[in-house]
Structures are given as C-alpha cells and as structure tokens.
There are 2 protein chains.
Amino acid sequence: MSQPLHLDISEQLRQRITAGDYLPGAKLPSERQLIAEFQVSRITVRRAIANLVDQGLAIAHQGKGVFVTERRKAVYTLTSPGLFVAEDLQNQGIALTVKTLIFEQVTPPQSVQQLLQLPSAEPTAYLQKKILLMEQVPGCMDITYVLPEIGELLASALQHQMTFPVLERHNIPIERVEAMIECQNADPELSQQLQVPLGHSLLTYHHTAYTTGDRPVLHGASISRGDRFCYAVSLNHAR
Amino acid sequence: MSQPLHLDISEQLRQRITAGDYLPGAKLPSERQLIAEFQVSRITVRRAIANLVDQGLAIAHQGKGVFVTERRKAVYTLTSPGLFVAEDLQNQGIALTVKTLIFEQVTPPQSVQQLLQLPSAEPTAYLQKKILLMEQVPGCMDITYVLPEIGELLASALQHQMTFPVLERHNIPIERVEAMIECQNADPELSQQLQVPLGHSLLTYHHTAYTTGDRPVLHGASISRGDRFCYAVSLNHAR
DNA sequence: AAGTGGTCTAGACCACTGA
DNA sequence: CAGTGGTCTAGACCACTTC
C-alpha cells in the first residue's frame with residue numbers, strides 16, 4: 001500500500017468534482033453506493049468523504065446526503081476606515097440582519113484594556129456580541145468592546161444597527177483603523193452560532209478604531225465563515 | 001445521549017488545554033490511556049482527538065503522540081506596495097530561504113491573462129512556484145505569474161530572491177497593489193509541500209502589482225499556513 | 001417505510017519513534 | 001524492543017429526511 005485507501009478514494013472523487021462530473025450543489029453517491037463501487041468498508045468510505053469535507057469540497061447533511069460545495073465568496077472591501085466592512089455587502093445588494101446576543105457592561109480582558117487605554121482603576125467597557133445574517137444565513141459573529149461613554153450614549157442604536165455608521169452619525173469620526181486578519185477554526189460555540197462543522201475555517205478581522213486625536217474608540221473581532229467571505233485591500237504608493 | 005460521546009471527551013480535553021493543564025508543546029495522554037480513562041472504544045477516543053486537531057488545538061505525530069499546538073503567529077505587515085510581505089519577516093529577525101519548484105514560461109489561465117492584460121494572440125508569462133522556508137520550516141507557497149519580458153530579463157535573480165526587491169533594483173517601481181485575502185484548505189499538494197495535514201487552514205494573499213502608468217507587472221498568490229501567519233493592515237482616513 | 005448520514009463497538013495489522 | 005498513532009474490517013444501532 002503506497003497510499004492509504006481512503007486517500008486514494010477521496011482523490012478519485014476530488015478529480016470527478018474538479019472535472020465537473022459532480023457540479024456544485026450536486027449530491028455525491030451515498031456511502032452505500034461508494035462501498036459497492038470501491039469495494040471497501042464503510043469506515044474507509046466515510047474517511048474518504050471526511051477528506052473532501054476537510055478540503056472544503058463537500059458538505060454532509062444527515063438524512064439527505066453529501067453535496068458538492070458552492071464556491072462563491074462575498075468580498076469585504078477595506079477602504080475608508082469609517083466604513084464598516086459589512087456595509088460593503090449591502091452595497092452589493094446582500095440583505096443584512098443583525099441579531100444581538102449580548103450587550104452589557106463588562107471588565108474587558110487585559111489586552112483590550114490596553115488597546116482602548118482604559119483607566120487601570122476601573123476598567124469597564126460595553127461588550128457587544130452579534131450575529132450578522134446575510135440573506136437570513138448566519139455568516140459572521142462580531143465581538144466588539146466600545147468605550148463606556150459611547151456604549152451608554154448609543155445603547156439602543158448599537159443593538160440593531162452597524163456600529164460605525166452609528167458613531168459617525170453622533171459626530172464621532174473614525175480617523176484610523178488598525179486591523180489584523182487571521183485564520184481560525186470553529187470551536188463548539190462558533191460552530192453552533194455560524195452553523196458550520198466543528199473546526200471549520202473562519203476568517204477573523206481584528207480591528208481597533210481611533211477617532212480624532214488618535215484616541216481609541218472600540219476594539220473588536222469579526223469572525224466570518226472562511227468558505228463564504230474574503231477581504232480586498234488596495235495598497236497605493238505614497239506620493 | 002444528549003451529546004455525542006466523542007464531543008463530550010474532546011470538550012473535557014479542550015478545557016484542560018485552555019485551563020493550562022496541558023501547556024503548548026506538551027504531550028496529551030496516549031490513545032490507550034484515554035481509552036482507560038473514559039472507558040470508551042478506541043475509535044471514539046480517536047474521534048475526540050480529531051476534534052481537537054480540527055480546532056487547531058493539537059497536532060498528532062505518528063509514533064510520538066499528540067501534542068498541544070503552539071499558538072504564536074508571525075505578522076505580515078501590508079504597508080507600501082513595493083515591499084514584499086515576506087520581507088517584513090526578515091526585519092523581524094526570521095531566517096528566510098527560497099526554494100524554487102517551478103520556473104518556466106507558460107500560457108496562464110484566462111483570469112490571469114486578463115489581469116496582466118496579455119495579448120490574446122500569444123498570451124505567455126513566466127510562472128514561478130516557490131516554497132518559502134521560515135527558520136528551515138516550510139511556511140508559505142508562492143505562485144506568481146510575471147510578464148514575459150520581465151521573466152526573461154530577471155530569470156536568474158528571480159529564482160533565488162524575493163520578487164519585489166529584484167524588480168525595484170531593475171527600475172521597475174511598484175506603484176500599486178490590489179490584494180485579496182482569503183481562507184482555503186490544504187489539498188494533497190499543499191498538504192505535502194507545507195507539511196500540514198490534509199484540509200489544514202491556509203491564509204491566501206492574492207495580489208496584482210502595477211508599475212508606472214497602471215501597467216500590471218505580476219499576479220500571484222502567497223499561500224501560508226493559517227496557524228502560523230496573519231496579516232496586519234492600517235487604514236487611514238484620506239485628508 | 002426506506003434511505004441517508006452519525007455514533008459506537010471489538011479487534012486486527014501496519015508504520016513510525018525512541019530507548 | 002515496546003509504545004505510539006494510522007489504517008481497515010464487519011457489524012450494530014440511532015437520528016434525520018423524504019415519500
């Protein structure tokens with residue numbers, strides 16, 4: 001055996017997918033059919049399917065079957081710092097709904113305290129935890145800490161609207177955003193909230209927003225499904 | 001059974017990891033030990049471990065054991081378009097080696113032909129495929145298409161050095177870069193080249209670089225291990 | 001009821017690692 | 001060599017979906 005059987009089988013199936021034998025959205029043969037076709041045990045077929053799922057090529061639905069994944073991604077364009085990334089999607093005609101999970105005053109973790117330059121005596125901030133639904137489907141979980149003064153002022157607005165536009169409307173201009181983009185994998189909570197399998201690839205956009213005078217206003221993380229979103233940036237030479 | 005056994009077990013192990021009972025780099029109990037501890041079959045223990053691996057919390061090494069992953073990431077800072085992302089790492093004191101896999105003239109795919117504005121009559125470009133080793137460990141695969149004139153001119157230099165500095169040195173300034181960052185999962189080739197398990201999360205930086213007069217020069221993708229790298233961006237308000 | 005994928009068992013053999 | 005994880009088998013039962 002030069003190569004594991006399950007890999008051999010998943011590679012054959014992968015080839016059929018990339019060749020277009022099974023189109024996006026189409027159903028793959030059932031486990032029973034694959035057992036018959038490749039003459040192997042069920043556990044090996046299941047492992048082969050797991051390989052495809054891990055590669056993001058297929059998704060299993062209990063009672064229905066295994067389906068080839070759709071491969072289109074929505075683009076968050078990072079442009080002006082005052083434009084919340086999700087706003088960009090609305091311009092693309094994607095229906096956006098905000099579902100607030102948490103909105104309360106908390107003592108943020110050390111790292112956030114420093115970024116927001118909170119007083120060490122009584123370091124509090126408002127924590128918002130929201131799910132962003134795109135076309136009724138959960139696509140992003142947003143966890144944001146905002147300065148307490150701002151949280152109090154805008155409590156009602158912040159719970160049902162995008163954060164950045166609310167700030168701009170209240171004369172808190174966003175001058176600069178420091179951002180960091182990374183990959184992470186779904187833990188049980190994210191897996192449940194975003195309705196993806198445990199370990200699913202996620203794209204995380206960490207951001208700290210500063211208003212006039214380089215004063216930090218908020219710090220947050222937008223965790224999106226990695227199979228459905230990406231970020232676009234344009235870098236221009238300073239002249 | 002409200003929750004699958006394997007999830008129950010992986011959650012208990014996860015808690016021990018986050019609580020610090022098992023520190024990064026430490027070895028988890030062996031499958032045999034876990035079988036004894038939780039009184040379940042081997043397949044269930046293996047599934048529990050697979051859950052941890054999928055979440056990026058652990059990594060298995062045959063013959064050695066399962067180990068808690070190290071969680072530090074190197075940062076690619078996206079600043080001036082003329083600075084190749086990887087250069088940034090050298091400034092951080094990380095040893096960088098380039099291993100060229102492919103360097104040849106090819107007919108690029110349709111999408112690249114358009115981006116590079118190649119003549120439809122005879123659309124050729126140089127394709128470079130490189131592995132970037134950080135501290136002797138493969139961390140990134142770079143696939144770049146460059147205009148044929150440039151490829152010919154710089155053949156020898158391009159094979160062993162970073163692309164952008166070579167261009168700058170030959171008076172081809174990079175004025176603008178259009179970039180896109182996304183998640184993808186390791187297919188068998190990437191899995192082998194980057195020495196990660198099949199399906200491992202990867203961070204991909206697609207980029208098209210333009211020189212004076214908005215003429216495209218090259219288009220490429222830098223595919224990095226998602227568990228070891230991230231991208232930093234700074235967005236400033238235009239004044 | 002029939003078909004699908006999800007969970008779990010007991011057991012065998014193989015491949016790699018390190019003392 | 002003993003200990004580790006990797007592959008594979010046959011078989012059972014469960015949960016969900018569709019008809």
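Both backbone and side-chain heavy atoms feed into the values below; hydrogens, waters and symmetry mates do not. Residue numbering restarts at 1 for every chain, and letters A, B, ... go by the order of the sequence lines.
Sorted by first and then second residue, the side chain to side chain donor-acceptor pair (under 3.5 Å) pairs involving residues 35-45 of chain B (not counting sequence neighbours) are B:R16-B:E37, B:E31-B:R42, B:S41-B:T44.
Here the C1' atom of nucleotide D:dT17 and the NE2 atom of A:H61 are 12 Å apart, to the nearest Å. One can place CD of B:Q3 at 16 Å from P of C:dG6, the figure rounded to the nearest angstrom. Distance A:Q62 CD to C:dT7 P: 7 Å, rounded to the nearest Å. One can place CZ of B:F67 at 11 Å from C1' of D:dG5, the figure rounded to the nearest angstrom. To the nearest angstrom, P of C:dA10 lies 18 Å from CZ of B:R47. Rounded to whole Å, atom C1' of D:dT7 lies 17 Å from atom CD1 of A:I49. Atom C1' of nucleotide C:dC8 and atom CG of B:D8 are separated by 14 Å, given to the nearest angstrom. Going from atom CD1 of A:I59 over to atom P of C:dT4 covers 18 Å, rounded to whole Å.
By the ring pair (Phe, Tyr, Trp, His ring centres under 6.0 Å) test, B:Y145 pairs with no residue at all, sequence neighbours left out. Scored by the salt bridge (Lys or Arg N to Asp or Glu O under 4.0 Å) test, A:E189 finds A:K129 as partners (sequence neighbours excluded).
Between A:Y231 and A:Y205, the gap from one ring centroid to the other is short of 6.0 Å.
How far CD1 of A:I143 is from NE2 of A:H206: 9.5 Å, rounded to the nearest 0.5 Å. Atom-to-atom distance recorded for B:L132:CG and B:I223:CD1 is 11.5 Å, nearest 0.5 angstrom. Expressed to the nearest 0.5 Å, how far CZ of A:R46 lies from CD1 of A:I49 amounts to 7.0 Å. Here the OG-NZ distance, from A:S224 to A:K73, works out to 11.0 Å after rounding to the nearest 0.5 Å.
Of the residues in residues 20-37 of chain B, not one places a heavy atom less than 4.0 Å from an atom of DNA chain C. A heavy atom lying under 4.0 Å from DNA chain C marks the following residues of residues 39-46 of chain B, by number: B:V40, B:S41, B:R42, B:I43, B:T44.
Each of B:H6 and A:G63 lies near DNA chain C, and the nucleotide nearest A:G63 is the one positioned closer to the 5' end.
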Give the table of side-chain donor-acceptor pairs shorter than 3.5 Å for residues 58-71 of chain B, with sequence neighbours excluded, one pair per line with atom names and distance.
| residue | atom | partner | partner atom | Å |
| --- | --- | --- | --- | --- |
| B:T69 | OG1 | B:G56 | O | 2.8 |
| B:T69 | OG1 | B:L57 | O | 3.0 |
| B:R71 | NH2 | B:G56 | O | 3.2 |

